[in-house]
Structures are given as C-alpha cells and as structure tokens.
Number of protein chains: 2
Amino acid sequence: MPADCAQRRGGGGCAHCAARPFSVCASVPDADLHRLDALAETVTLAPGQALFREGDPATHVFNVTSGSVRTYRLLADGRRHIAGFLFAGDFIGLDPAEAHSLSGEAIEATTVCRFRKVAYRALMAERRELEAALLARAGDELAAARRQMLLLARKTAIERVASFLLDLPGADPLRPGPAGLVRLPMTRSEMADYLGLTLETVSRTLTRLKRGGLIRQVSLTEMRVEKPDALRMLADGDA
Amino acid sequence: MPADCAQRRGGGGCAHCAARPFSVCASVPDADLHRLDALAETVTLAPGQALFREGDPATHVFNVTSGSVRTYRLLADGRRHIAGFLFAGDFIGLDPAEAHSLSGEAIEATTVCRFRKVAYRALMAERRELEAALLARAGDELAAARRQMLLLARKTAIERVASFLLDLPGADPLRPGPAGLVRLPMTRSEMADYLGLTLETVSRTLTRLKRGGLIRQVSLTEMRVEKPDALRMLADGDA
DNA sequence: CGGTGCGTTTGATCTGGATCAAGGCCGAGG
DNA sequence: CCTCGGCCTTGATCCAGATCAAACGCACCG
C-alpha cells in the first residue's frame with residue numbers, strides 16, 4: 001500500500017460520516033448528499049505524514065474525519081509556529097490563495113475527506129447554504145484567531161496552558177465521551193510551538209496545574225480537568 | 001454638534017469615495033452604486049471616540065474611509081491586546097456573531113461608512129459578487145491573523161517592530177504617496193499592545209533601527225524606511 | 001511666555017521564561 | 001530481558017524584555 005493513500009469512495013459515504021454533524025457538510029441537506037459523495041475522496045494518513053506543504057498549490061479543500069492534524073510555518077532558522085490543531089469536523093481551505101501558506105501533517109493515524117477546489121467552488125455556487133456555512137466558518141475561525149493572538153500577546157505561561165486545555169475538544173461537557181477528559185495527541189514541543197513557549201515551560205506548567213489539583217493525568221496522552229471553573233478563571237486572567 | 005455624528009448621505013457619495021478602490025465596495029459595479037448609496041451612512045469620529053464596544057450588539061458593518069481605528073480587548077486586570085489597526089479601505093464586520101468581540105475606537109479624526117447589517121446581508125444575497133468579495137476578504141484577514149500569530153509566538157522584539165513597519169500602509173512602494181514613508185498615528189503604547197511588547201521596548205527598538213540606519217524619523221508621527229530590503233530580512237527572521 | 005500634561009526616550013534593575021544539562025519513563029525491536 | 005531512541009520531567013543558570021524610575025520634548029493654554 002502506498003504511503004499516500006487516496007481513494008474515490010464507494011457510494012453513500014457522506015451519509016454515514018461520523019464527522020458530518022460537526023462539519024460544514026452539515027449544511028448540505030440529506031437529499032443532496034450524493035452531490036458531495038460524488039466529489040469526495042478519502043485520504044488515510046500515517047502519523048507524521050504530510051497532507052500538504054507550505055508553498056504547494058492549494059488544489060484541494062479538506063475535512064478531517066478522524067485523528068488529528070497540525071498546521072505550521074517555519075522561520076528560516078528553524079523556529080516553528082504551529083498555527084492550529086485540527087480534529088474531526090474541522091475544515092481546511094478557507095484561504096482562497098493559490099498556494100498553501102502552511103504545512104499540514106497528521107499527528108496520529110488520521111483520515112481526511114478531500115475535494116478538488118474547483119469542483120467544491122462549483123458546488124458552492126449552486127448550493128448557497130454551503131457558501132453561507134463557509135462564511136460563518138471563516139468568521140468563527142477569525143474569532144478563534146483573535147483569541148489566540150490575545151493569548152500570545154498578553155497571557156502568562158500558566159494562562160496559556162489553561163486556555164489550551166479548555167479549547168481542546170473534550171474539555172467542554174457538551175461533547176461525546178466522558179466530560180472533562182482531554183486527549184493530548186500532540187507532544188509537549190508541539191504544544192509549545194502553538195502557545196509561544198518552550199517544551200520545558202509547558203511541562204513545568206502542566207506539573208504546576210497537577211500539583212494545584214486543577215487537572216489530573218489519566219494516562220500519557222490524557223488529562224482530566226478536575227476544576228473546570230478554576231481553570232477557566234486562570235485562562236481568562238480573572239486572577 | 002453631537003459627539004456621535006452619523007448622517008444619511010446625500011446622493012452619489014459612493015461614486016466619489018476615495019476609499020472605494022481599496023474596499024469591498026470595489027466589487028460593486030458602478031451601475032449598482034446607487035444601491036450602496038441608499039444604505040450608506042457616514043459617521044465622523046473625533047480622536048479617541050468609540051465606534052463600538054465589546055459586548056455591544058453588532059448591528060452594523062463598517063468601512064473606514066479616512067483616518068484610523070484601533071480594535072482591542074482587555075483582560076480583567078487591565079492588560080490590553082490591540083487586535084488590529086484599520087485604515088482607509090478596511091472593512092469591519094466579517095464576524096457573524098451577534099455581539100462585538102472587540103472594542104473599536106478612532107485613533108485620530110476618522111470617517112467611516114456604516115451599513116445596517118440586515119440591509120447589507122440582503123444586498124449580499126442579491127449581489128453575489130459582494131458575498132464572494134467578502135469571503136475573499138475573510139481569507140485575507142485570516143492569512144494576516146496567521147502571520148500575526150507567528151510574529152507573537154516566535155519573533156523577537158526587533159523582528160516584530162520591523163514586521164510592523166512593513167505591514168503598515170505606506171511601507172510598500174505601490175501605494176500612493178511618497179514611497180517608504182510610514183505614518184504612525186498610534187502611540188508607542190498602542191504599538192506595544194499590538195506587538196505583545198511594552199512601550200519602552202518598542203521605543204528602544206525603534207531607536208536601534210534608527211541607529212542602524214534602517215529607518216529615519218521624519219517627524220513625530222512619520223518614519224522613512226531607508227533600507228526596505230534589510231528591514232524585510234529582519235522582519236522575516238532571515239538572519 | 002511659563003506652566004502643565006501627555007507621550008517619548010533613556011537608564012537601572014528585576015524576572016518569567018529560555019536555555020543548558022541531566023536523568024527518568026516507556027514502548028519497540030533485537 | 002536488555003538496549004535503544006523518543007519524549008518527558010526536573011534542576012541550574014542565563015538573558016531578552018519587563019518593570020521601575022527619571023528626565024525630556026512639545027503641543028496646548030491661561
């Protein structure tokens with residue numbers, strides 16, 4: 001099996017897609033799902049495998065259907081900034097630019113659903129609710145970007161880590177799965193490059209939060225939020 | 001004259017709008033300009049005057065037509081993050097949320113062009129090129145937000161200030177006005193809150209750039225970029 | 001003109017988080 | 001079962017930028 005594993009799908013994939021309720025595809029009514037299905041390709045990624053690279057022509061848009069993806073940029077001397085972590089339901093491709101401004105790689109075993117950009121645009125021109133959904137997504141992403149800029153510009157290390165734990169899917173009690181259980185598939189170094197810190201500071205800060213009883217380490221890659229309110233106060237700087 | 005000065009416009013304002021070539025309105029063909037005109041209100045702001053406040057219902061979208069605006073958020077203990085500086089041609093209102101997540105204030109004497117959100121949406125539904133232009137804007141703004149996050153997460157003070165000077169309108173030789181002449185209507189403290197630094201560090205860093213001959217102070221609020229290439233290298237971390 | 005009040009610059013000192021440096025833990029592979 | 005290679009934690013030290021503290025410049029105004 002080749003490393004880069006993309007396949008046209010069998011029929012009806014979208015109807016059974018576990019990520020659809022969270023994704024932009026939710027705005028496509030069931031009756032029209034076959035239109036999406038006709039365009040969709042499923043891509044399977046091994047841990048560490050690249051989905052696209054900075055500078056590549058941006059020929060596709062993506063929906064993450066399982067696993068997780070990191071997007072990042074590098075400075076010339078190797079400093080890395082992780083722009084975001086993407087999980088099931090997240091959409092990549094709002095940027096209308098011709099070339100990717102970020103690289104994207106799987107963190108763990110991951111599947112994404114891929115559409116040719118031109119075909120997706122054509123569908124969008126026809127199904128206006130899809131365009132509206134995308135504009136709404138763009139607004140949400142912009143709001144998230146602003147929160148992250150506030151974090152990076154003005155929050156302390158402990159406030160950053162607290163914010164991060166609360167932003168990850170799983171921290172809020174609404175989602176499926178045991179409430180307050182946060183999965184951390186990324187390394188300390190990746191968290192650091194996302195939060196504008198070093199891996200040592202991230203590690204020390206998590207230790208501080210554990211010692212304070214705000215979180216508990218459940219396993220190597222899972223934390224339980226023990227005091228969500230206290231963590232929220234910390235995250236928001238309501239000292 | 002009341003402090004909050006908004007007026008329905010006389011006819012034909014949009015046709016003569018100096019900011020139109022730079023703004024989303026550029027995508028509305030001349031023949032349809034009367035539609036915009038019918039919706040537009042002009043607002044005049046004194047220095048420091050608020051345009052909207054965090055938490056206010058977001059009833060309008062705006063286009064800056066002259067002057068400059070700062071948008072910002074505060075943490076509970078007073079730490080401020082300036083999300084952006086907006087100049088002629090810039091659009092506010094991509095965020096589809098019902099309430100403003102930022103406050104916006106004039107930095108200097110400023111005029112903005114205001115549309116009721118519901119009316120603007122209605123126009124958008126009709127004139128699809130306006131929606132497309134807005135989606136493109138959203139993409140651009142997202143790309144800019146990512147660059148700013150990289151700056152905040154991983155760049156040094158001098159790299160941040162260099163990036164800032166180059167991002168301001170006027171730094172690039174394409175724009176009207178003398179090439180390389182950058183207007184800085186905002187205070188050092190505002191630059192600091194935008195760049196994640198303190199005002200002292202901004203001041204010292206500007207002094208360093210002056211001493212290095214990369215920029216020259218033309219007046220209290222104007223800098224001339226003397227070595228744009230060297231400044232660009234600094235800004236991009238191509239050490 | 002001589003205050004007076006911002007905003008800016010510059011200097012001295014401090015500190016949160018970076019950097020440098022060991023070990024520790026654990027899963028994979030021999 | 002041991003060893004190897006990642007990743008993580010913890011400790012010691014360092015330093016870029018924060019904080020504290022004066023002046024300085026300049027527009028505004030009585």
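Keep in mind the model is a prediction, meaning the values are calculated, not measured. Within every chain, numbering begins at 1; the chains are lettered A, B, ... in the order of the sequence lines, protein sequences first and strands thereafter.
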Of B/E222, B/R224, B/K210, the residue whose pairing with B/Q217 passes side chain to side chain donor-acceptor pair (under 3.5 Å): B/K210
Is it the case that the side chain of A/S103 and the backbone of A/E54 share a donor-acceptor pair, with hydrogens and angles ignored and the cut-off at 3.5 Å? yes
Indicate yes or no for a side-chain donor-acceptor contact from A/Q148 to the backbone of A/Y194 under 3.5 Å, with no hydrogens or angles considered.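 Yes; at least one donor-acceptor contact below 3.5 Å.
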Whole Å only: how far is the [atom1] atom of [X] from the [atom2] atom of [N]?
X	N	atom1	atom2	answer
A/M186	D/dG6	CE	C1'	18 Å
B/L151	D/dG17	CG	C1'	15 Å
A/Q217	D/dT10	CD	P	10 Å
B/L220	D/dG25	CG	P	13 Å
A/R154	D/dG17	CZ	P	13 Å
B/E190	C/dT8	CD	P	8 Å
B/R188	D/dC26	CZ	C1'	14 Å
B/E108	C/dG7	CD	C1'	16 Å

The correct set of residues in residues 196-212 of chain B placing a heavy atom under 4.0 Å from DNA chain D is B/G196, B/L197, B/T198, B/E200, B/T201, B/R204
Could you report the tightest heavy-atom contact between A/E108 and A/S68, atom names first, then the distance? OE2-OG, 2.7 Å
Can you pull out every salt bridge (Lys or Arg N to Asp or Glu O under 4.0 Å) where at least one residue sits in residues 74-92 of chain B? Sequence neighbours excluded, please.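 Pairs touching residues 74-92 of chain B that pass the test: A/E159-B/R79, B/D77-B/R79, B/R80-B/D193.
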I'd like to know if A/E200 and A/R188 make a salt bridge, using a cut-off of under 4.0 Å between side-chain N and carboxylate O. no
